[in-house]
Amino acid sequence: MSTSYSFQGWLGLDPSSVKGNMKWQGYEPKTWEETDVDIKVTHCGICGSDLHTLRSGWAPTSYPCCVGHEVVGTAVKVGSKAERGIKVGDRVGVGAQSSSCLKPDCEECASGMENHCMHIVGTYNGKYGDGSKSYGGYSDYCRAPSHFVLKIPDAIPSEEAAPMLCGGITVFAPLKKNGCGPGKRVGIIGVGGLGHFGILYAKALGADSVTAISRSAAKKEDAMKIGADKYIATNDDKDWATHHARSLDLIVSTVSSPNMPLEQYLMLLRTNGAFIQVGAPEDSLPGFNAFSLIAKGCKIGGSAIGAPHEIEEMLELTAKKGVKPWIEKRPMKDANKVVIDMNDGKARYRYVLVNEAHA
């Protein structure tokens, strides 16, 4: 089954690529298997993970690397053993994960937690079992195993669906797992790409109230428009933790810093509350007093993206509730400039690259 297209994309060749030095080049995609799908990329969201990876922030990156794991486009080649009923011509997407072992004796894969499999392969900067590499969506075409390729509901425009596939699911999954819904008061720390999705999905899941938490009041107006009921600007009130103590059942933290006021954040939790960290730092989180947890029976946890069935559930809710992310479309050809703007914190609140040759 030959193809009439080639795989080309914006490749990071070294850590300086994050400064706008990616190069448009060809590359060899993963070895084709009959469980795979080739996607003609129309849209790709820009995620903070892309920047961490381009600069080898979390760990040394395997260059050359084509980042982008919020990929939406058209299925142009579908293997004979592909899952999910995907057909050539379908509008599909793939998020941050492209593979896991999927073995029946894998505790995680067998129970619908593929995102926690020990053998996870990222949609970029990953290595498959045969040694071939994964390349992402700052590209013309993207090849991925069909188990992790999802159909996009008709009600969701491609440019809005793309950033949901990592940014959206990263906050939707912990909100859902930790009981966000009627009767719950939820806090979202950070009003950025992830945080704005946190507000949107906490409201869509029916939380009684949603509190946005940020250092300054600069994003208060935006947060309230997105759907927040309350706003805490921690730099504007030195006693903010006392004034809002025991006010939240669940906090999802999308920020990460060794200087974040973790102890004060924990003061905001009610008895049996939960603090879930999704922001992924390049350094450590600060220490805290154990009695912050013991006294109220609280817990700290983490969450990583979501399994395919959770992404499908999120997309279904998005279509049903009309969830609308705040995005800015940018041309794929300008990816280097967009990466710089993302690194400078200019996104409000998610950049989406549009491959104008295919969109």
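Throughout, residue positions are numbered sequentially from 1 according to the sequence presented.
Within the structure, every pair that satisfies the ring-ring contact (aromatic ring centres under 6.0 Å, His included) test and touches residues 100-130, not counting sequence neighbours, is listed here: His69-Tyr124. Applying the salt bridge (charged side-chain N to carboxylate O under 4.0 Å, His left out) test to every pair with at least one member in residues 196-207, sequence neighbours left out, gives these pairs: Lys203-Asp229. Applying the salt bridge (charged side-chain N to carboxylate O under 4.0 Å, His left out) rule to pairs touching residues 91-100 yields nothing, sequence neighbours excluded.
Distance check: Asn125 CG to Thr123 OG1 gives 11.5 Å after rounding to the nearest 0.5 Å. Within the model, atoms CD1 of Ile120 and CD of Glu108 stand 10.5 Å from one another, a figure rounded to the nearest 0.5 Å. Atoms SG and NE2, on Cys47 and His52 in that order, are 8.0 Å from each other to the nearest 0.5 Å. In this structure, CE on Met332 lies 11.0 Å from CG on Asp334, to the nearest 0.5 angstrom. Separating the CG atom in Asp222 from the CH2 atom in Trp326 is a distance of 4.0 Å, to the nearest 0.5 Å.
Under the 4.5 Å side-chain heavy-atom criterion for grouping Ile, Leu, Val, Met, Phe, Trp and Tyr, Val186 is connected to Met224 within one hydrophobic cluster. Leu200 and Ile251 are not part of a single hydrophobic cluster, where members link through side-chain heavy atoms under 4.5 Å apart. Hydrophobic clustering keeps Ile276 apart from Ile213 (ILVMFWY residues linked when any side-chain heavy atoms are closer than 4.5 Å, directly or through intermediates). Follow the hydrophobic side-chain contacts under 4.5 Å out from Val121 and you never reach Phe7; the two are in separate clusters. Tracing side-chain contacts under 4.5 Å through hydrophobic residues (I, L, V, M, F, W, Y), one never reaches Val71 starting from Leu315; they form parts of separate clusters.
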What's the verdict on side-chain hydrogen bond (donor to acceptor under 3.5 Å, both in side chains) for Ser216 and Asn235, showing C-alpha distance, side-chain angles and the deciding distance?
CA-CA 6 Å; Ser216 77; Asn235 284 355; over 6 Å; no
Give the intermediate values and the outcome of side-chain hydrogen bond (donor to acceptor under 3.5 Å, both in side chains) for residues Gln8 and Ser6.
CA-CA 6 Å; Gln8 300 178 45; Ser6 59; 3.1 Å; yes
Mind running side-chain contact (heavy atoms from CB on, under 4.5 Å) on Thr271 and Arg246 for me, showing each step along the way?
CA-CA 7 Å; Thr271 299; Arg246 293 179 179 259; 3.3 Å; yes
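Residues satisfying the salt bridge (charged side-chain N to carboxylate O under 4.0 Å, His left out) test with Lys324, not counting sequence neighbours, are Glu160. Here Lys87 pairs with Asp90, Lys151 under the side chain to side chain contact (heavy atoms under 4.5 Å, CB included) rule; sequence neighbours left out. Residues forming a side chain to side chain contact (heavy atoms under 4.5 Å, CB included) with Asn343 (at least two apart in sequence, or on another chain): Leu51, Arg55. Remark: Glu313 engages Lys176 in a salt bridge (charged side-chain N to carboxylate O under 4.0 Å, His left out) (not counting sequence neighbours). Every residue two or more places apart in sequence or in another chain that forms a side chain to side chain contact (heavy atoms under 4.5 Å, CB included) with Lys219 is listed here: Val191, Tyr231, Arg348, Tyr349. Asp341 pairs by the salt bridge (charged side-chain N to carboxylate O under 4.0 Å, His left out) definition with Arg330, Lys337, Lys346, not counting sequence neighbours. Under the rule for a side chain to side chain contact (heavy atoms under 4.5 Å, CB included), the partners of Ser256 that lie at least two apart in sequence or sit in another chain are Gln277, Pro281.
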Contacts table for residues 350-357: side-chain donor-acceptor under 3.5 angstrom, sequence neighbours left out:
| residue | atom | partner | partner atom | Å |
| --- | --- | --- | --- | --- |
| Arg350 | NH2 | Glu70 | OE2 | 2.7 |
| Asn355 | OD1 | Ala357 | N | 3.4 |
| Asn355 | ND2 | Val41 | O | 3.3 |
| Asn355 | ND2 | Ser139 | O | 3.2 |
| Asn355 | ND2 | Asp140 | OD1 | 3.0 |

Give every donor-acceptor pair under 3.5 Å between a side-chain atom in residues 288-305 and any protein atom, sequence neighbours left out.
| residue | atom | partner | partner atom | Å |
| --- | --- | --- | --- | --- |
| Asn289 | OD1 | Phe291 | N | 2.8 |
| Ser292 | OG | Glu263 | OE2 | 2.9 |
| Ser292 | OG | Asn289 | O | 3.0 |
| Lys296 | NZ | Leu266 | O | 3.0 |
| Lys296 | NZ | Met267 | O | 3.2 |
| Lys296 | NZ | Leu269 | O | 2.5 |

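Using a cut-off of 4.0 Å between Lys/Arg side-chain N and Asp/Glu carboxylate O, Arg143 and Asp38 are scored as salt-bridged. With salt bridges taken as basic N to acidic carboxylate O contacts below 4.0 Å, none links Asp249 and Lys184. Taking the charged nitrogens against the carboxylate oxygens, Glu28 and Lys133 have no contact shorter than 4.0 Å, which rules out a salt bridge.
The shortest distance between side-chain heavy atoms of Val94 and Leu165 does not fall below 4.5 Å. In this structure, the side chains of Pro163 and Phe197 come closer than 4.5 Å at one or more pairs of heavy atoms. No side-chain heavy atom of Ser100 sits less than 4.5 Å from a side-chain heavy atom of Met118. Using a 4.5 Å cut-off on side-chain heavy atoms (C-beta onward), Val339 and Tyr138 make contact.
In this structure, Trp240 has its ring center under 6.0 Å from that of Tyr265. Here His196 and Tyr201 keep their ring centres 6.0 angstrom or further from each other.
For the pair Lys77 and Trp32, the cation sits on the ring face: its NZ or CZ lies under 6.0 Å from the ring centre, inside 45° of the axis.
Under the 3.5 Å distance criterion, with hydrogens and angles disregarded, no donor-acceptor pair is assigned to the side chains of His309 and Glu114.
For Arg215, the CZ atom sits in a loose shell: 12 or fewer heavy atoms of surrounding residues, nucleotides or ligands are nearer than 6.0 Å. More than 12 heavy atoms of other residues, nucleotides or ligands shown are found within 6.0 angstrom of NZ on Lys177. Around CD of Glu316, the count of heavy atoms belonging to other residues, nucleotides or ligands within 6.0 Å does not exceed 12. Heavy-atom neighbours of Asp130 CG from other residues, nucleotides or ligands within 6.0 Å: above the threshold of 12.
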